[in-house]
Amino acid sequence: MRILSGIQPSGRLHVGNFFGMMQPSIRLQEEGEAFYFIADYHSLTTVQDPEALRKNVCNVAIDFLACGLDPNKAVFFKQSDVPEVTELSWLLSTVTPMGFLNRCHSYKDKTERGLEATHGLFAYPVLMAADILIYDSNVVPVGDDQKQHVEVTRDIAIKFNNLYGDVFVIPEPRIREDKARVPGLDGQKMSKSYGNILEIFGEEKPTKKKIMSMMTDSTPVEDPKDPSNSIIIDLFSLVASDQQLQEMKDDFLKGGTGYGDFKKRLFEAFWEFFKPMRAKRKELSEDPQYIENILKEGADRAREAASATLKRARHSCGITS
Ligand code: ADP
Ligand code: TRP
């Protein structure tokens, strides 16, 4: 089984990215041949500051490795180190009906938020389809919001195969059911574009401050509180043990404990959960050459796989004999 996923280097990683995409990807590296990459071409649709982009690529590489990506098990590389993918993207675009792209809500969301309506932003799903198809991927672990893009990929692959023969493997999205949509500090989906994120590797003080200033309702300390409708509980459930979670739920129902106290417990569990990853991150940050070597080695392996698929695709549509 070939597993593939990508993450854009477009900012600091947050808890939603971790539980929605990274943790499932890291678990899957035990089950098959995993290919994970940093989608720098994609991030050019939103990050147009070269220095920031370079820094983000470096940070996301360190973050992913610190969170458990094992370069001995998974091929880890930068999207742009495999330029074959942009050529495949063109071949795919020639069979992609506008309707496939018109229905994508990510484009609508982004332009409604004020991003310029560029061709790159509109054609984003075609490049993503090329990413997935060029590695003959079977399974694509992503968060809920990327499911539609994987479905469009399937539709494009089926269309291409119907026209030109059996060129592409048809991939499937793998969305975890339990943590597919992590809420942000304001209760909306956690996303860097909503300014409601909890960074995985933020500094201690600002992280604590963010948690302590989460909005809550005005139930008095002594009154019982509703655990089924609380962002504190939702976030706590991601990082606490079952026992800690049960205790917090009981304390909600009992009354007598204020939200401030629950937030403190949330911060402590959060800080503890990411402790080993913070230590690993520190170690990795001290060795940029190691990171560079991993990405270089990954790119060589990825390129080998990609060029074989591209060759097949070029031949099938008559570009090469
Ligand atoms: P953002 O919404 O902050 O811009 P990205 O779109 O870069 O995040 O998402 C990177 C990966 O993390 C994707 O696979 C996405 O589905 C996943 N992801 C992002 N936010 C969440 C969330 N709140 N809950 C679960 N998964 C998420
Ligand atoms: N669009 C994805 C995101 O924003 C990143 C991505 C690019 C990706 N290409 C991919 C994810 C291929 C999975 C497979 O998160």
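Numbering of ligands and ligand atoms starts at 1, following listing order.
Relative to atom 12 (C) of ligand 2, the option among Ile132, Val150, Leu127 with the closest non-hydrogen atom is Ile132. If you check each of Ser25, Gly184, Gly16, Ala39 against atom 27 (C) of ligand 1, the one with the closest non-hydrogen atom is Gly16.
Ligand 1 places these atoms under 4.0 Å from at least one heavy atom of Val182: 22 (C), 23 (N), 24 (N), 25 (C). Against a heavy-atom cut-off of under 4.0 Å, Met21 is close to the following atoms of ligand 1: 11 (C), 12 (O), 14 (O). Counting atoms of ligand 1 from 1 in the listed order, those under 4.0 Å from a heavy atom of Gln146 are 13 (C), 14 (O), 16 (O). Close approach of ligand 1 to Lys192 is summarised as follows: ligand atoms under 4.0 Å from at least one heavy atom of the residue are 1 (P), 3 (O), 4 (O), 5 (P), 7 (O), 8 (O). Each of the following atoms of ligand 1 lies closer than 4.0 Å to a heavy atom of Met190: 20 (N), 21 (C), 22 (C), 23 (N).
With a heavy-atom cut-off of 4.0 Å, Leu4 touches ligand 2 through its side chain alone.
For the ligand labelled ligand 1, residue Gln8 lies outside the 4.0 Å heavy-atom shell. Every heavy atom of Met22 sits 4.0 Å or more from the atoms of ligand 1.
Taking the six-membered ring for Trp and thresholds of 30 and 60 degrees, Tyr259 and Phe252 have ring planes more than 60 degrees apart, a perpendicular arrangement.
Looking only at protein heavy atoms, the nearest one to atom 19 (C) of ligand 1 is Asn17 ND2, 3.4 Å. In terms of protein heavy-atom proximity, atom 13 (C) of ligand 2 is closest to Gly6 N, 3.4 Å.
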Audit row: Tyr135, Phe77, ring pair (Phe, Tyr, Trp, His ring centres under 6.0 Å) steps and yes/no: CA-CA 13 Å; Tyr135 299 109; Phe77 60 101; 5.4 Å; yes
